[in-house]
Amino acid sequence: MAAPAAVGAPGGRRQPVAPPVAARPRRVRSVDVAVVAGYLGLAVLLTSRQWGRPDRLFHQDNDQMLFEWMLARAARAVTAGENPLHSAALNAPDGVNLMANTSVLGLGVPLTPVTLLFGTQAAFLVAVVVSLAGTATAWYVLLARRLVGSRVAAAVGGLVCGFAPGMVAQAGAHLHMAAQFLAPPILALVFRPGTDRVRRHGVALGLLVAYQVFVGEELLVFLALAAGAFAVAYALADRAVARRLTPAVLGRLGVGALVAGALLAYPLWFQFLGPGHYQGMPFHARGFQLDAASFTASARQTVLGDGYVPGLLSPNPTEENSFFGSGLLVLAVVVVVWLWRRPLVRALAAVGLLAALLSLGDTVRVDGASTGLPGPYRLLAGVPLLDLVVPARFALICVPVLGVLVALSLDRALALAPVGGGAVPGVPGAEGGAAALSGTGSGGGAVALSGTGSGGGAAADRPGVPVRLLWGGAVAAALLPLAPTPIRTVPTWPVPAFVADGGWRAYVPAGRTLVPVPPVTGAGVSPATFWSARTGLAFTAPGGYFIGPSAAADPTARWGAPDRPTAALLRRAAETGEAPVVTDADRRQAVADLRHWRAAVLVQGGLHRGEAVRRTVDALVGPGREVDGAWVWDVRPLVG
């Protein structure tokens, strides 16, 4: 067993920390199965409003359409051997740089059987369930193996990490942000307390980082920032342990960087320099910030939430990342004060506070009003990569911070012994030492990254049962108001039978495209993306919902394909409900645009202002006809 480290004691004296707890057997227990089953059941419940409802989508319908399409595209890449980094199925004739978009290949490839057998909606819902339950499970495993001795404490901590309001809000629209199940194993490898097997664990770290890139790069940026802040804060809190472990940590990071760099060299080149690459973002990311009052408010997807207050305090329903409620925040402050002697707790507090401040953006707002106070995010505004992330998402870093703090406090409370009893054996912290991110080394002994000094352990003479009950009640009172409710859904126009049943095939020869009307929608709801996803990318179409360059010679980012004159004309009709006056010049331009898209047939499905769009298309290319629930214009005679 490794020698115990020494920590500072009051008065400047140094005293040894009690030997760390022996490694717990890594066997699956019935309680573990029950916990994971509970996480899965809750995740299924949260998605229940959409199972078997093809006419419903989660609150940000266009985002779900995009991720359904990405899942379909991943399945096509697996079954047809196509390039997984680029697709010509949308944005004809140029295609889409998938590596520069949230392609979630790390989810789509394993879910290929689900996509092929049950369709993209089922695959998306399974991905949401896996993201939420998988994240909770991953944190549960890390907590149970490294940080706490109580399975109950680990289960509650995992519940917070996987199902906090911010996680549920992101899950309804952003798979790349909700799928956080790789974060705990990455952190476990980075901060592994052992100093042996550096290369072996470095290789594992590199493989996990590379995989995370194909799940979500933005989350990896947040993870790197949080890990760096944690390392600095922990080193300041426990310099002796930091000096001992730094060489091994740096070694693992170096090996991991080499492995990940080798695996990601071509994909990252393709992302930043390949066909369809872009620069910047198509929206003002710095405008997506959180209101300081949101941290104590209730999110709309909780038992006490409503749709009014969150709408004032967050950019949109998918970015309610900070709605922890006053109860949980007060609880966190108490935990930090209570366990302040533990370097782990001090480091977690520093990371959580930093993330919360960064989420407030350039200028701090309180209850919807600007205070004029500059936000810390200004310091990152010019840092590459960080200047592209949405500030509101920094609050997601607070989620695992709070989850770990809750787990540590419950573990400590449960370790308190009854009157006259001894300390509970086998529980970290019960004898004065606590494993922080501890694990077993090659010799089988546990090594501690942090430990409590004098007074850090549970006292044997304290009345433990009342404290357990009181603290358990406090945790329940803080968490119950955050209990999530099923993710709300919104109606969507169904895919026309003409498209869904394959009637379009009689009109579209090889090499030609089906053009949904309107063909280019920018950031609006894209029928091209939705129809393509639900039919398994059966046809090629112009337009779509993605991020790409503004033009061939202008890499500035924009939503969707560059506007062609005809596309802009039809989009205005769809947005205003007014059919414009169509001239001969417009008709000639329409023919040119149709040839550019290699169009064979135009198809209009359900639109809120569809009549104006239909009359505009009639004026441009001649009258269409209704076929199987869609208006269809055969333009092959015009295009040639």
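This structure is a prediction, so every number in the text was calculated from the model and none was measured. The residues of the chain are indexed from 1 along the displayed sequence.
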Participant: Quick one about Ser294 and Ser314 (side-chain donor to acceptor, distance below 3.5 Å, no hydrogens or angles considered), yes or no?
Facilitator: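 Per modelled atom types, Ser314 and Ser294 side chains form no pair under 3.5 Å.
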Participant: For residues 175-186, which residue pairs pass the side chain to side chain donor-acceptor pair (under 3.5 Å) check, not counting sequence neighbours?
Facilitator: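 Matches after skipping sequence neighbours: none remain.
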Participant: Excluding sequence neighbours, so at least two apart, what forms salt bridge (charged side-chain N to carboxylate O under 4.0 Å, His left out) with Arg534?
Facilitator: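 Arg534: salt bridge (charged side-chain N to carboxylate O under 4.0 Å, His left out) contacts with Glu68.
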Participant: With a 3.5 Å cut-off and sequence neighbours excluded, list the donor-acceptor pairs that the side chains of residues 354-361 form with protein atoms.
Facilitator:
from   : atom 1 : to     : atom 2 : distance (Å)
Ser359 : OG     : Ala356 : O      : 2.7

Participant: For the residue pair Ala533 and Thr120, what are the closest heavy atoms and their distance?
Facilitator: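 Looks like O-CG2, 3.2 Å.
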Participant: With sequence neighbours left out, which residue pairs that include part of residues 363-382 fulfil the salt bridge (charged side-chain N to carboxylate O under 4.0 Å, His left out) condition?
Facilitator: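 For residues 363-382, and leaving out neighbouring residues, there are no salt bridge (charged side-chain N to carboxylate O under 4.0 Å, His left out) pairs at all.
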Participant: Side chains of Thr529 and Trp69: any donor to acceptor distance under 3.5 Å?
Facilitator: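 Trp69 vs Thr529: no donor-acceptor pair found between side chains.
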Participant: Identify the heavy atoms of Ser532 and Phe539 that sit nearest to each other, and give their distance.
Facilitator: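 Closest approach of Ser532 to Phe539, heavy atoms only: N-CZ, 3.8 Å.
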Participant: Hydrogens and angles aside, do Glu217 and Gln212 bring a side-chain donor and acceptor to less than 3.5 Å of each other?
Facilitator: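 Their side chains do not contain a donor-acceptor pair, so the 3.5 Å distance test is not met.
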Participant: Using the test ring pair (Phe, Tyr, Trp, His ring centres under 6.0 Å), find all partners of Phe222 that sit at least two apart in sequence or belong to another chain.
Facilitator: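 Listed in chain order: Phe394.
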Participant: Taking only residues two or more places apart in sequence or in another chain, which ones pass ring pair (Phe, Tyr, Trp, His ring centres under 6.0 Å) with Phe323?
Facilitator: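 With sequence neighbours excluded, Phe323 shows a ring pair (Phe, Tyr, Trp, His ring centres under 6.0 Å) to no residue whatsoever.
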Participant: With distance as the sole criterion, is a donor-acceptor pair present between the side chains of Asn101 and Ser103 under 3.5 Å?
Facilitator: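 Note: Asn101 and Ser103 side chains miss the donor-acceptor criterion.
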Participant: Go through the structure and list residues passing ring pair (Phe, Tyr, Trp, His ring centres under 6.0 Å) with Tyr278, not counting sequence neighbours.
Facilitator: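 Not a single residue meets the ring pair (Phe, Tyr, Trp, His ring centres under 6.0 Å) criterion with Tyr278.
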Participant: Please name all residues satisfying side chain to side chain donor-acceptor pair (under 3.5 Å) with Glu575, sequence neighbours left out, ordered by chain then number.
Facilitator: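 For Glu575 there are no side chain to side chain donor-acceptor pair (under 3.5 Å) partners, ignoring immediate neighbours.
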Participant: Hey, could you give me each pair passing side chain to side chain donor-acceptor pair (under 3.5 Å) that has a residue in residues 38-48? Not counting sequence neighbours.
Facilitator: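 As it turns out, the side chain to side chain donor-acceptor pair (under 3.5 Å) pairs with a partner in residues 38-48, which skip direct neighbours, are Thr47-Trp51.
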Participant: With sequence neighbours excluded, what pairs up with Asp291 under the salt bridge (charged side-chain N to carboxylate O under 4.0 Å, His left out) test?
Facilitator: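 Partners of Asp291 by the salt bridge (charged side-chain N to carboxylate O under 4.0 Å, His left out) criterion come out as none, since no residue qualifies.
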Participant: Using modelled atom types only, decide if a donor and an acceptor are shared between the side chain of Tyr377 and the backbone of Pro391 within a distance under 3.5 Å.
Facilitator: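 Absent.
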Participant: Can you tell me which residue pairs pass the salt bridge (charged side-chain N to carboxylate O under 4.0 Å, His left out) test with a partner in residues 309-327, sequence neighbours excluded?
Facilitator: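 Sorted pair list: Arg300-Glu320, Glu319-Arg393.
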Participant: Do Asn321 and Gln170 have a side chain donor and acceptor closer than 3.5 Å?
Facilitator: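 On atom types as modelled, these side chains qualify, holding a pair under 3.5 Å.
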Participant: Tell me every residue that passes side chain to side chain donor-acceptor pair (under 3.5 Å) with Ser87, counting only those two or more places apart in sequence or in another chain.
Facilitator: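 So Ser87 forms a side chain to side chain donor-acceptor pair (under 3.5 Å) with Arg73.
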